[in-house]
Amino acid sequence: MLEKVRPPPGADSPIREAVPLSSLLSHAAGPLRGTVSLPGDKSISHRALMLGGLAVGETTITGLLEGEDVLNTAAAMRALGATVERDKSGVWHVSGVGIGGLREPDDVIDLGNSGTAARLLMGVLAGHPITTFMTGDASLRGRPMNRVADPLRDFGATFICREGGRMPLAIIGARDPMPITYRLPVASAQVKSAVLLAGLNAPGRTTVIEPQPTRDHTELMLVHFGAQIDITHDAENAAHISVTGQPELSGRPVIVPGDPSSAAFAAIAAAIVPDSEIMLTGIGMNPKRTGLFTTLLEMGADITLRNERTEAGEPVADMTIRSSRLQGVTVPADRAPTMIDEYPVLAAAAAVAEGDTVMLGVGELRVKESDRLDAVDRGLTACGIRATAGKDSLTVHGCAGSPAGGGTVATALDHRIAMSFLVLGMATQKPVTVDDAGPINTSFPGFVELMNGLGADIRPGTAA
Ligand code: S3P
């Protein structure tokens with residue numbers, strides 16, 4: 001029934017009044033209606049800039065996410081010697097230096113809030129014989145980097161970190177990197193990617209053994225740029241992913257799909273605000289990213305896909321979501337890597353659903369931009385919703401309708417906590433306040449304007 005979707009005035013207009021992002025209040029929303037496209041995929045955007053910077057010739061990137069995280073990667077690649085420019089039409093052009101050709105930056109590289117930028121660049125730099133100093137904001141400086149530094153030391157790189165492998169850190173890249181084989185101790189696409197990127201400048205094959213599948217954008221994009229990637233599976237079904245070192249990467253056009261992790265906020269808002277119907281166009285549908293949509297369907301969400309296609313090696317579709325009654329479910333641990341960034345907003349859907357939603361195997365949420373299990377637990381409690389956070393699990397006791405709301409939620413420099421609770425506020429009896437919405441710009445510039453264009457009511461301020 002896509003024909004029924006009618007964008008309200010302004011929903012598709014690029015000109016929207018900017019709402020200042022400090023403390024925001026999300027009021028109960030009327031039905032959400034309209035058709036929107038989402039900003040580009042963050043994971044793919046980082047990788048396109050990095051591989052473009054390592055390739056020979058020009059890479060054009062259409063639909064790059066222009067959020068702070070990705071802009072920090074663009075600045076880092078420039079500081080390392082690549083040419084990175086945006087033209088007037090919004091297409092980005094990267095002229096690379098070739099593998100091994102990055103130059104020593106003359107100042108500290110600041111990656112802001114972005115764990116992906118930091119960890120993937122650590123991989124790239126481990127294979128370059130240069131010294132780089134790296135830092136980030138208070139959130140990033142608190143996150144564990146040894147999970148990446150440890151395997152990268154085996155290539156011959158040296159890392160000097162603060163206690164606990166924390167930033168700021170110094171990287172002295174290997175002069176003659178040696179290929180390694182590394183079994184991932186944690187399901188992390190960032191660790192996998194860092195090792196594969198370091199392997200680019202090591203002679204021979206570098207192999208990552210991945211017991212639990214994680215997002216494969218690095219592998220797909222390496223193939224797109226001309227590298228050789230071989231994947232086999234062992235008797236336990238672990239993937240052995242090998243990159244053959246020292247390939248010639250050639251600049252390529254990259255089309256970045258809409259970010260499914262950003263689509264999750266609009267999708268859940270439409271699912272929980274009565275009488276809503278929205279369409280999200282051009283959303284990335286990589287099966288290693290779509291666990292949230294599987295879970296929502298199990299909860300009884302009304303989601304249909306149209307126009308399924310492949311763009312630059314990535315599956316893409318248009319998605320329609322209508323509101324419906326949701327039931328609590330148990331989300332199995334093995335699904336976690338396919339929806340790792342979506343649990344905070346799933347908690348908003350779970351709060352409105354009937355019955356308990358149990359999320360298993362989610363311990364990694366404790367080392368994201370914030371301790372997300374703790375942040376979600378506290379935020380739900382502040383809004384009158386019962387939740388239980390364990391070491392590796394989260395249970396939300398659904399209200400079977402509109403939760404009380406009225407709480408103030410500390411976002412702790414975490415964009416996804418801010419957006420998740422603004423979505424929750426669209427369906428609560430009293431408005432929900434988030435104390436600091438500034439981090440939203442790291443991944444979803446224009447979030448408030450886009451949601452308000454669909455019918456949400458998010459305004460600056462705090463509850464009286
Ligand atoms: C990402 C991988 C995930 C995810 C992050 C982006 C990536 O992190 O949470 O937002 O682009 O590789 P982990 O690898 O730590 O799970």
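Note that ligands are numbered from 1 as they come in the structure, with each ligand's atoms numbered from 1 the same way. Note: hydrogens, waters and symmetry copies are ignored here, and every other heavy atom, side chains too, is used.
Side chain of T411 to main chain of D436: a donor-acceptor pair is present (N/O by atom type, distance under 3.5 Å, no hydrogens or angles). A donor-acceptor pair under 3.5 Å is formed between the side chain of D234 and the backbone N or O of A238.
Nearest protein neighbour of atom 13 (P) of ligand 1, counting heavy atoms only, is K368 NZ, 3.3 Å. Atom 14 (O) of ligand 1 has S188 OG, 2.7 Å as its closest protein atom, hydrogens excluded (heavy atom only). The single protein non-hydrogen atom nearest to atom 10 (O) of ligand 1 is D341 OD2, 2.7 Å, given as residue, atom name and distance. Given atom 11 (O) of ligand 1, the protein heavy atom at minimum distance is S43 OG, 2.7 Å.
When heavy-atom distances to ligand 1 are checked against a 4.0 Å cut-off, H46 has no atom that comes that close, whether in backbone or side chain. Residue contacts with ligand 1, taken as heavy atom pairs separated by less than 4.0 Å, do not involve K192 at all. Only the side chain of R47 comes within 4.0 Å of ligand 1, judged by heavy-atom distances.
Note: an N/O pair closer than 3.5 Å links A189 and ligand 1 by distance alone. Ligand 1 has a nitrogen or oxygen under 3.5 angstrom from a nitrogen or oxygen of Q190. For a threshold of 3.5 Å applied to N or O pairs, the pair formed by S193 and ligand 1 contains no separation below that value.
No hydrogens or angles considered: nothing links the side chains of E369 and S139 as a donor-acceptor pair under 3.5 Å.
For the pair D216 and R289, the salt-bridge criterion is not met [side-chain N within less than 4.0 Å of a carboxylate O]. Between R153 and D150 a salt bridge is recorded (basic side-chain N to carboxylate O distance below 4.0 Å). Classification of K42 and D69 as a salt-bridged pair holds, one side-chain N sitting under 4.0 Å from a carboxylate O.
For the side chain to side chain contact (heavy atoms under 4.5 Å, CB included) criterion with I109, the lone passing option out of T132, T135, I171 is T132.
Other residues, nucleotides and ligands contribute at most 12 non-hydrogen atoms within 6.0 Å of the CZ atom of R378.
Summarising the contacts of atom 6 (C) of ligand 1 with V186, I44, T116, I340, the nearest heavy atom is found in T116.
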